[in-house]
Amino acid sequence: MKARPDSTPLPLARPDETQFLPLGGHRMAYHDQGPTELGDDGATILCVHGNPTWSFYYRKIAETFSDRHRVIRVDHIGCGESDKPPSSRFEYRLSNHQANLATLIRELDLQRIVLLAHDWGGAIGLGSLLAERKRFRGLMLLNTAAFPPPYIPRRISACRFPVLGPLAVRGANAFARAAITMAMSRTQMNEAIAKQFLSPYNSWANRVAIDAFVRDIPMRASHPTHQTLVELEEGLPTLADLPSLLVWGMQDWCFRPECLHRFQQVWPEATTVEIPDAGHYVMEDAPDEVLAAIETFLESRVR
């Protein structure tokens, strides 16, 4: 990290401990690390994960940037250390995840936010950004989408089969286990890290959100989340004036380069970093390149 220009001590840092925000009878977990007051060059990096990961995906962001920036890492309801209510007690829809994140932003009174989002976190985080636009200074996206899916990979469609899909996703944890290897291209995830990714999803009940995210992918216009994504895509051009960074693992079979090109078309001034041999879990596959791109972006584009 860049050295501070003087010897003024940083404000006290927050310890890395799990905190919880009550939301409609459920608790949303988050980690809040970094200075208690931001310096002139500081930002609030809001890290929003996808499926089937959790806030652990962004541990290296906190390790690298919390000396000078506030780093918030959230767990969506049903994920990570958050409560995992059954679908009868919480409707696992994109719009509800967006609303929960917007509530957290307001409750913590986050300011000078730079969004960092991956996978489903893109649609969730960008929806919350549009709802709380004045609080944001920039956005950074990693292999994600924010529009109705232009295609659905067969291996994901298979997880939606009646009876067999839930048996695989919730019974055998097949979706999360497969991602450990199928979402990597350059490298293999080591066993200890893989166990951490899987640890919150250790039972049928605790895999409710993994299955729900898969089923929330709209395959037709009548699906409730289709319209949410249509409205989100319509709002993307209003964000063209925000500094934006697009970091893409080009070997991702899910959020393929077509998704990157959609963002480039709507945000022609975005900074793009393509990593040719990295896969979907780009933070795991190519951490050095991702961290370097984020540091350069924060130093040069976000004020």
Side-chain angles (χ1 to χ4, degrees), residues 16-32 46-62 71-105 107-108 115-128 142-145 156 159 166 168-180 183 189 193-217 225 228 254-255 280-281 283-284:
D16 181 14
E17 57 186 30
T18 307
Q19 300 185 59
F20 296 93
L21 177 71
L23 287 170
H26 312 300
R27 300 182 310 158
M28 183 175 185
Y30 66 95
H31 291 255
D32 184 355
L46 178 61
C47 304
V48 189
H49 71 85
N51 186 42
T53 58
W54 56 295
S55 58
F56 179 74
Y57 184 74
Y58 292 112
R59 65 198 181 280
K60 292 179 181 177
I61 298 296
V71 179
I72 307 287
R73 297 179 291 134
V74 302
D75 286 331
H76 307 302
I77 295 295
C79 302
E81 297 176 283
S82 290
D83 288 348
K84 301 174 180 64
S87 56
S88 60
R89 294 178 49 214
F90 176 77
E91 187 176 24
Y92 288 92
R93 294 288 183 209
L94 170 60
S95 57
N96 289 330
H97 291 300
Q98 290 173 332
N100 286 343
L101 184 60
T103 298
L104 181 138
I105 290 169
E107 289 295 317
L108 299 185
L115 174 68
L116 175 58
H118 173 251
D119 191 271
W120 271 100
I124 295 169
L126 288 167
S128 302
L142 316 172
N143 290 71
T144 185
I156 290 182
C159 294
V169 174
R170 299 189 67 177
N173 205 16
F175 193 83
R177 289 186 181 280
I180 296 302
M189 186 180 293
I193 296 299
K195 286 182 178 178
Q196 288 295 313
F197 270 104
L198 297 174
S199 62
Y201 308 117
N202 57 3
S203 69
W204 174 282
N206 285 345
R207 296 168 195 148
V208 58
I210 294 179
D211 185 51
F213 271 119
V214 171
R215 296 182 182 282
D216 202 34
I217 301 170
T225 292
T228 304
C254 184
F255 295 92
H280 178 60
Y281 280 4
M283 275 292 308
E284 300 299 318

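Since the model is a prediction, treat every value here as computed from it, not as a measurement. We use all heavy atoms of the structure for the numbers below, so side chains are in, but hydrogens, waters and symmetry mates are not. For this chain, numbers begin at 1 and follow the sequence in order.
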Legend entry - Step-by-step salt bridge (Lys or Arg N to Asp or Glu O under 4.0 Å) determination, Arg215 to Asp211: CA-CA 6 Å; Arg215 296 182 182 282; Asp211 185 51; 3.2 Å; yes
Backbone N or O of [Y] within a donor-acceptor pair of the [X] side chain at under 3.5 Å?
X: Arg207; Y: Tyr201; value: yes
X: Asn96; Y: Glu91; value: yes
X: Thr103; Y: Ala99; value: yes
X: His31; Y: Asp75; value: no

For the residue pair [X] and [Y], what are the closest heavy atoms and their distance?
X: Ser128; Y: Ala102; value: OG-N, 3.5 Å
X: Gly125; Y: Leu115; value: C-CD2, 3.7 Å
X: Pro166; Y: Trp204; value: O-CZ3, 3.7 Å

Inset, instruction - Please say whether the positively charged group of Arg27, taken as NZ for Lys or CZ for Arg, lies over the ring of Phe20, i.e. under 6.0 angstrom from the six-membered ring centre and within 45 degrees of the axis. - result: yes
Legend entry - Nearest-0.5 Å distance, CE of residue Met189 to CD of residue Gln196: 11.0 Å
Inset, instruction - Supply the atom-to-atom distance Ile124 CD1 to His76 NE2, rounded to the nearest 0.5 angstrom. - result: 3.5 Å
Legend entry - Verdict with reasoning, Trp54 to Ser199, per side-chain contact (heavy atoms from CB on, under 4.5 Å): CA-CA 10 Å; Trp54 56 295; Ser199 62; 3.9 Å; yes
Inset, instruction - Scan Tyr58, Phe197, Phe255 and name whichever one has a ring pair (Phe, Tyr, Trp, His ring centres under 6.0 Å) with Tyr281. - result: Phe197
Legend entry - Test of ring centre spacing under 6.0 Å for Phe213 and Tyr92: no
Legend entry - Working for side-chain contact (heavy atoms from CB on, under 4.5 Å), residues Ile217 and Trp120: CA-CA 10 Å; Ile217 301 170; Trp120 271 100; 3.7 Å; yes
Inset, instruction - Kindly determine whether Asp119 and His280 satisfy side chain to side chain donor-acceptor pair (under 3.5 Å), including the steps that lead there. - result: CA-CA 8 Å; Asp119 191 271; His280 178 60; 2.8 Å; yes
Inset, instruction - Give me the one residue out of Leu21, Leu23, Val74 that meets side-chain contact (heavy atoms from CB on, under 4.5 Å) with Asn100. - result: Leu23
Inset, instruction - Please tell me if the side chains of His97 and Asp216 come closer than 4.5 Å, counting only heavy atoms from C-beta onward. - result: no
Legend entry - Pairing of Arg59 and Asp16 as salt bridge, 4.0 angstrom limit: no
